[in-house]
Structures are given as C-alpha cells and as structure tokens.
Amino acid sequence: MIPYGDYHMHTPLCGHAIGQPDEYAQQAIKLGFKEIGFSDHAPMVHKSMPGVTMSFDELPQYNAMIEDVRKRYASQISIKIALEADFLPGYEGKTKAMINSYPYDYIIGSVHFIDDWAFDDPACREYWKKYDVNDVYRKYYGLLQQSAKTGFYQIIGHCDLPKKFGARPTVDLTDEVKATAQVFKDTGVTIEINTAGLRKPIAEMYPSRESLKIYCEAGVPLTFGSDAHDPLHVGNDFDKAVALAKSVGYNEYLIFKDRQIEKRIKL
Ligand code: ZN
Ligand code: FE
Ligand code: FE
Ligand code: ZN
C-alpha cells in the first residue's frame, strides 16, 4: 500500500524537534507519500513555554516557512499547513483567535495538561506519584470531550496519551471511552492513529486497539500521524498503523483542506 498522508509532523520552531521542513518533505517523498501535513506545536495561549512550543512571535515565521516548502515541493508532494494546538479550558477565546489568524488546513487538538500539569512531559514525570491514575484518565477523557465540543479542532491528537510512560488505568474505563467516542461522533471530529507511542515507554500506538475499535464502531473517522520530531520519524510504522486500522474495521481515512474533508482514501 502506498501511503497517502502523514498529518502529524513538527519543526525546530517548537524547540524540541530536529531537522528542517525540507528534510521532512524529502523523507516523505522518498517513502512514496503523496501528502504530508506540518502540525507544529502552536503557541501556548496561557503562558509562554520555550522548548515546548513556538512563541506567538514565531507563528508568522512558521506559516511562511511551511508555505515556502509547500511551493518548492509542489510538483512532488502535497503539503498541508496545520497546527497542533493545546486545549486549555478557560482560554477558548485566545485559542479561537489564534487558530483563525491564518487559513490552516486542519487543527489537531491535543490535551497535554491536567490541572496545569504537563502529564506527558518527562520533566514532570514525578507528579504521576501524586495523582490517582484512574483520576488522571477520567479527567483526561473529560477534557477530550470538552475539546471536541469547542468546534476548534478537526482532529483530536493521540487520544490516550496518559499511557505514554506506562501508567494504565486499574479499573475498567470502557464507558468513558465509549462516551468520548460518542461526543467525537456527535461533534464531527476525526481521530488519528499516532505511531509515536511505539517510540515511547508504553511501546504501542495511540490509541490502543481496544479504544480504536470503540471509535470505529461509533463511526469516528480516521487520519494517520507519525508525530515526527525528526525527519527519520516520518511515516514510521504506518504499515502497522494501517494493519491496526483495518483489523478493527476501518476502511478509509480522511484528507483535509481548508478545515474541510477534501478526500477519503480507501485503506
Ligand atoms: Zn512535541
Ligand atoms: Fe502532542
Ligand atoms: Fe505532536
Ligand atoms: Zn502530538
């Protein structure tokens, strides 16, 4: 199967990714991709976080940089311009203004914070000891549902991220996942299979097979992303991701343009 789109890729502007956009594009072309989407970490709207996201001042530079690479590689590959924007409850106005400041092709909405704790940041890993693991997951699914309801996001990123370092719920949270899947369906958001989890301690894709099956059964559409922070991550493990998608019943995935569905690609 020739891969079509890798929709989750970063740039050095976030402060923790390496390689220029050219190198990501060249790697994608080498792998046979027809399309990629850059979705670097959007500025945090509640405080500046150097090393985690680009700053507000860098946003125009990011847009211009991706426009430039899009033009230069136009004959070889389609390049979409996107953002991975955090969902921060209470800051919806600022978030909306930011994502509407430029005609992005899609916005990935991600939850990386619970009570101002960056639970997936290796530097904040000690806080896992202070939280009840099931409470973390319950709060996380609540935030995912809230994020989908804003209408800001076309794609919800890595939708079981709390498992990154290996912490699994100790009680059955199937009902929470089902409720989340129903909210995703009702609000019209898409999920991603994010292969970066395979590079993390948990060593499995986001979301898990069990969760992905629930999303598929609820009729939530799909995209694919490597969450590349290095050109060598582009398209990583997409063979496994496609096999996983098919095994739970997905038969297509989506391509976005101007925050609308542009194409449906058969799996
Ligand atoms: Zn990152
Ligand atoms: Fe993320
Ligand atoms: Fe990312
Ligand atoms: Zn991400």
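Every number for a ligand or one of its atoms is a count from 1 in the order of the listing.
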Any luck finding a side-chain donor-acceptor pair between Y140 and D160 under 3.5 Å?
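On atom types as modelled, these side chains do not qualify, holding no pair under 3.5 Å.
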
Taking atom types as modelled and ignoring hydrogens, do the side chains of H233 and H8 form a donor-acceptor contact shorter than 3.5 angstrom?
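Result is no, nothing qualifies.
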
Nearest 10°: the angle subtended at the Zn ion (ligand 1) by H229 NE2 and H16 NE2?
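Once rounded, the angle between the two atoms at the Zn ion (ligand 1) is 100°.
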
Examine C14 and say whether one of its N/O/S atoms is closer to the Zn ion (ligand 1) than 2.8 Å.
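C14 does not place any N, O or S atom closer than 2.8 Å to the Zn ion (ligand 1).
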
Counting backbone and side-chain atoms alike, does H10 have an N/O/S atom under 2.8 Å from the Zn ion (ligand 1)?
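So H10 does not count as coordinating the Zn ion (ligand 1).
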
Passes side chain to side chain donor-acceptor pair (under 3.5 Å), N194 versus E192? Steps please.
CA-CA 6 Å; N194 181 316; E192 60 168 5; 2.8 Å; yes

Ring centre gap for Y253 and Y4 strictly below 6.0 Å:
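Centroid separation for Y253 and Y4: 6.0 Å or greater.
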
Examine all N, O or S atoms of H158, backbone included, and report whether one is under 2.8 Å from the Fe ion (ligand 2).
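Yes, since at least one N, O or S atom of H158 sits under 2.8 Å from the Fe ion (ligand 2).
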
Please, which pairs that meet salt bridge (Lys or Arg N to Asp or Glu O under 4.0 Å) have at least one residue in residues 42-64, sequence neighbours excluded?
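As it turns out, the salt bridge (Lys or Arg N to Asp or Glu O under 4.0 Å) pairs with a partner in residues 42-64, which skip direct neighbours, are K47-D116.
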
N/O/S atom name from H8 that is nearest to the position of the Fe ion (ligand 3):
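This turns out to be NE2.
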
For the Fe ion (ligand 3), give me the closest N/O/S atom belonging to D227, just the atom name.
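In D227, the heteroatom (N, O or S) nearest the Fe ion (ligand 3) is OD1.
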
Below 2.8 Å, any N, O or S contact between H10 and the Fe ion (ligand 3)?
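An N, O or S atom of H10 is closer than 2.8 Å to the Fe ion (ligand 3), so yes.
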
Hey, is the main chain of T11 close enough, under 3.5 Å, to the side chain of Y62 for a donor-acceptor pair?
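Checking the backbone N and O of T11 against the side chain of Y62, no donor-acceptor pair under 3.5 Å is found.
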
Angle subtended at the Fe ion (ligand 2) by H112 NE2 and E84 OE2, rounded to 10 degrees:
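The NE2/OE2 angle about the Fe ion (ligand 2) sits at 100°.
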
